[in-house]
Amino acid sequence: MVEAVERLCRELNAEFAPGEPLAARTSLGIGGEALFAARPASWDAAAALLDGLWAQDVPFKILGGGTNLLVEDGRLGFGVVHLRACGGAVRFVDDEAEVDADVPLPSLCSQAMRKGLAGLEGLAGIPGLVGGAVVMNAGAYGTEMSSLLTRVALIERGAGLKWHDASSLKFAYRKSGAASMGVVAGCQMRLRKDDPASIAARFEEFKARRLATQPWRLPSAGSVFKNPPGNAAGRILEELGFKGKKRGGAAFSDVHANFLVNLGGATFLDAWSLCEEAREAAARKGTVLEYEMEVWRRAY
């Protein structure tokens with residue numbers, strides 16, 4: 001199977017690496033060995049590669065920026081398609097932007113600011129790529145991706161790349177139907193014109209708030225749990241005594257209780273057992289906490 005993937009990558013001039021360690025590919029710094037990593041260099045190559053993998057029923061996952069992700073240790077039993085260098089372009093026309101999925105979200109926010117286009121300021125400090133932000137409907141400070149999107153491009157099994165109205169993706173709080181429909185290749189969004197200096201001032205305001213309330217000196221997976229309706233997961237975890245709580249090399253941050261950090265040498269078991277302990281403690285108090293971060297377990 002891995003040999004067939006290597007041949008396919010060679011035909012498409014895509015990078016191929018067998019036995020890819022994922023710890024170095026995630027912002028948390030935890031993760032085992034994927035069967036392979038395939039890195040297409042264009043969106044046409046990405047579509048052809050995905051078609052080939054689907055046709056051969058090769059087990060794989062899509063890896064973008066590796067943020068908000070916890071990966072199990074050991075041999076994982078699946079490969080990864082790394083969509084991080086397929087184009088990386090943003091095209092502005094008036095107050096609209098067409099964005100490749102591999103554009104870093106902070107870069108998009110900065111480019112929009114320089115163009116005098118507002119709307120993204122609250123998202124500026126969120127790490128990761130635009131594609132992942134679409135899939136999880138990333139949001140902060142009153143702004144969600146879904147409030148800006150007009151269309152989304154998906155690479156679909158057996159259908160290639162197709163554009164969809166954003167309204168058809170069933171966006172909700174920190175989720176969408178994008179992943180079940182295909183692989184995000186890009187999006188279009190409508191922003192609004194404003195004075196660049198005013199936009200920059202709002203950027204700085206949100207940046208200062210993030211620096212004061214979120215850990216940034218340690219490897220982190222970001223928010224572990226979604227906020228329950230009418231409450232904040234961080235507040236719940238702090239009330240339960242999990243702020244700063246450690247297990248092995250993993251901990252809930254002592255800056256923000258809902259941020260999972262790697263203090264050094266953390267294993268998947270350290271992180272997962274700590275998160276599950278917190279989730280079960282909340283459940284005993286009558287609150288259901290749903291994971292916001294994605295968890296990749298070994299495939300057998």
Does the [X] side chain pair with the main chain of [Y], one donor and one acceptor, at a distance under 3.5 Å?
X    : Y    : result
S253 : A257 : no
D73  : I30  : no
T143 : G139 : no
T67  : S27  : no
D102 : C86  : yes
D195 : S198 : yes
N137 : S146 : yes
Y141 : E121 : no
T213 : R209 : yes
R192 : L117 : no

Quiz item: cation-pi between K61 and F78, 6.0 Å / 45°:
yes
Rounded to the nearest 0.5 angstrom, the CZ-NE2 distance for R210 and H256 is 11.0 Å
OG1-CD distance between T267 and E72, expressed to the nearest 0.5 angstrom:
10.0 Å
When you check the side-chain N and O atoms of Q214 and W216, is any donor under 3.5 Å from an acceptor?
no
Does a side-chain N-to-carboxylate-O contact under 4.0 Å join [X] and [Y]?
X    : Y    : answer
E292 : K226 : no
K115 : D95  : no
K245 : E277 : yes
R39  : E20  : yes
R235 : E238 : no

Candidate pair D94 and R190, rule salt bridge (charged side-chain N to carboxylate O under 4.0 Å, His left out), full reasoning:
CA-CA 9 Å; D94 295 326; R190 181 169 288 112; over 6 Å; no
Salt bridge (charged side-chain N to carboxylate O under 4.0 Å, His left out) between R91 and E98: does it pass, once the steps are laid out?
CA-CA 5 Å; R91 296 163 286 276; E98 183 176 311; 3.3 Å; yes
So R174 and E290, salt bridge (charged side-chain N to carboxylate O under 4.0 Å, His left out) or not? Walk me through it.
CA-CA 11 Å; R174 298 297 176 270; E290 182 182 350; over 6 Å; no
Is the distance between the ring centroids of W272 and Y291 under 6.0 Å?
yes
Which class fits the ring pair F242 and F252: parallel under 30°, tilted 30 to 60°, perpendicular over 60°?
perpendicular
Pick out which of L120, V134, V152 makes a side-chain contact (heavy atoms from CB on, under 4.5 Å) with M189.
L120
Quick one, F60 with L35, criterion side-chain contact (heavy atoms from CB on, under 4.5 Å). Give me CA distance, side-chain angles, the key distance, then yes/no.
CA-CA 9 Å; F60 70 92; L35 290 174; over 6 Å; no
Would a single hydrophobic cluster contain both L154 and V81, if residues Ile, Leu, Val, Met, Phe, Trp and Tyr are joined by side-chain heavy-atom contacts under 4.5 Å?
no
What verdict does the salt bridge (charged side-chain N to carboxylate O under 4.0 Å, His left out) test give for E205 and R202, after you've listed the backbone C-alpha separation in whole Å, the side-chain angles of each residue and the deciding distance to 0.1 Å?
CA-CA 5 Å; E205 176 190 349; R202 292 193 292 272; over 6 Å; no
